[in-house]
Amino acid sequence: MNANFEIDDAFIAEQNQKAKSWVQEDYDHLARKLQRRKVDIEDLVAKASAFRVAVPSWGVGTGGTRFARFPAAGEPRDIYEKLEDCATIFKLVCSTPAVSLHIPWDKPADAGDLREFARQRGLHFDAMNSNTFQDQPGQKHSYKFGSLTHPERLVREQAIAHNIECIEIGKALGSKAHTVWIGDGGNFPGQQHVRRALERYLESMREIYAALPDDWRVFIEHKFYEPAFYSTVINDWGTSYYCARELGPKAFCLVDLGHHAPNVNIEMIVARLIQFGKLAGFHFNDSKYGDDDLDSGSVKPFQLFLIFNELVDAELNQEPHFDPAYMLDQSHNVTDPIESLMMSGVELVRAYVQAQLVDRQQLSDAQEKCDPLRALATLKQAFTTDVAPILAVARARAGGAIDPISTFRESGYRQRKAEERPARKGAAASGIV
Ligand code: LRH
Ligand code: MN
């Protein structure tokens, strides 16, 4: 019996009782509204209930910037406590049964034990993430000047070995994918030979690719800058796509929303990667300027909707090789990470359900008849439909919380964790910053 505090089903049901009446009223009203559009609201509840997104293990600890990190009482100190918090998020919002781990931050002493701990809480493991953007204590070769593209073969070999170790750990945990993001690049013109660096990347990735089990996928994550501030080896979707093509059928391109210059049309990149059969999936977050890792849908909710509009269109058309992995990748510097991850999980389901509401025939007619305003109006009708009652009913039917944030706060979970998790000397559970 787990001695640690957990929010129990009875408490959630009790909290839901308070909201049940108005949710039902709003739900019935929305049902009538959608009926006029020949949409059965129950189909949308089914879609909402089936939506799944993975939580990043590094997202349940407090994030920070190079200027400061303001740790919160009761934050997780190791991978087991991170999983406790992931389980709490899953219990309340019901759409996040998978956790994406980062190695070595989450390297398990006993993979089997960790897998069982997760299973007992309804969790499983999504894509693994390697880390060759930091030097670990006692590491033989530094990644200061790169990892998979470093001029020195010994450094590249060390980075390749680390990625293969991540795959081995992932196999023991039941994961089926490995994400490779490298910060390799230069801070000065001339620092890197741009073409040679990319050649070395491919040479290294071929060794990592060869270590993939048959039923695994490798996700290449591009990013236009940071930590390198002049040139980045895997800087955009085009370079990522070229490499995925070069590597083979198990290689795909992962889109982290924050890894694009401001105003880049990300939904078009998504449509391209779908059309080319190379969309790996997403690291969802939001941003105003750089890779801000803000909460999904908190700054550009219409962009998030337009991305899901492309995804739902592909889903309906059964595009070949269309099996995107949905993951959150955020840094929670000023909010409770659990609250932010729950809110973000809900924002993704909202965008997905709204995209289901797009009248595809009307949109296609407007496109083919060159009627831009009709096309935009068709999208806006879906985007401006308040689907909150559908999301709340889907959560309640799955035993989750109608109002996850209030239920979490009422539960006193964070205060209980502050008692259970006195700060350990030295490090909070390792993560970003
Ligand atoms: C790089 C990144 C990558 C992770 C890291 C934590 O910016 O998005 O996905 O490895 O954040
Ligand atoms: Mn990312």
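Throughout, residue positions are numbered sequentially from 1 according to the sequence presented. Values below: all heavy atoms of this structure, side chains included; hydrogens, waters and symmetry mates excluded. As the structure lists them, so they are numbered: ligands from 1, and atoms in each ligand from 1.
Considering backbone and side-chain atoms together, D293 places no N or O closer than 3.5 Å to any N or O of ligand 1. Considering backbone and side-chain atoms alike, D291 places an N or O below 3.5 Å from some N or O of ligand 1. The distance criterion of under 3.5 Å between nitrogen or oxygen atoms is met by D329 with respect to ligand 1.
Comparing M327, E221, H259 by heavy-atom distance to atom 9 (O) of ligand 1, the nearest is E221.
Within the 4.0 Å heavy-atom criterion, neither part of N129 lies near ligand 1. Within the 4.0 Å heavy-atom criterion, neither part of E226 lies near ligand 1.
Residue-ligand proximity, H102 to ligand 1, at heavy-atom distances under 4.0 Å covers atoms 4 (C), 6 (C), 10 (O). With ligand atoms numbered from 1 in the order given, ligand 1 contributes 8 (O) to contacts under 4.0 Å with heavy atoms of D256. Less than 4.0 angstrom separates some heavy atom of H283 from each of these atoms of ligand 1: 9 (O).
Pairing each heavy atom of A118 with each of L83, the nearest pair is CB-CD1, 4.2 Å. What you find for E310 and I274 is that their closest heavy atoms are O-CD1, 3.8 Å. In plain terms, the two heavy atoms of K278 and A251 that are nearest each other are NZ-O, 2.6 Å. When all heavy atoms of K250 and Y209 are compared, the pair lying nearest together is N-OH, 2.7 Å. Nearest heavy-atom pair, N187 versus P227, reported as atom, atom and distance to 0.1 Å: OD1-O, 4.0 Å. When every heavy atom of G258 is checked against every heavy atom of S287, the shortest pair comes out as CA-OG, 4.0 Å.
Because the distance cut-off is set at 2.8 Å, H259 fails to qualify as a neighbour of the Mn ion (ligand 2), as none of its N, O or S atoms comes that close.
Distances from the Mn ion (ligand 2) to the N/O/S atoms of E221 are shortest for OE2. As for D329, its N/O/S atom nearest the Mn ion (ligand 2) is the one called OD2.
Each of E203, E199, E207 was compared with R156 under the salt bridge (charged side-chain N to carboxylate O under 4.0 Å, His left out) criterion, and only E203 meets it.
Taking the six-membered ring for Trp, H102 and W58 have ring centres closer than 6.0 Å. Taking the six-membered ring wherever Trp is involved, the centroid distance between the rings of F219 and W181 does not fall below 6.0 Å.
Rounding to the nearest 10°, we obtain 110° for the angle at the Mn ion (ligand 2) between H283 ND1 and D256 OD2.
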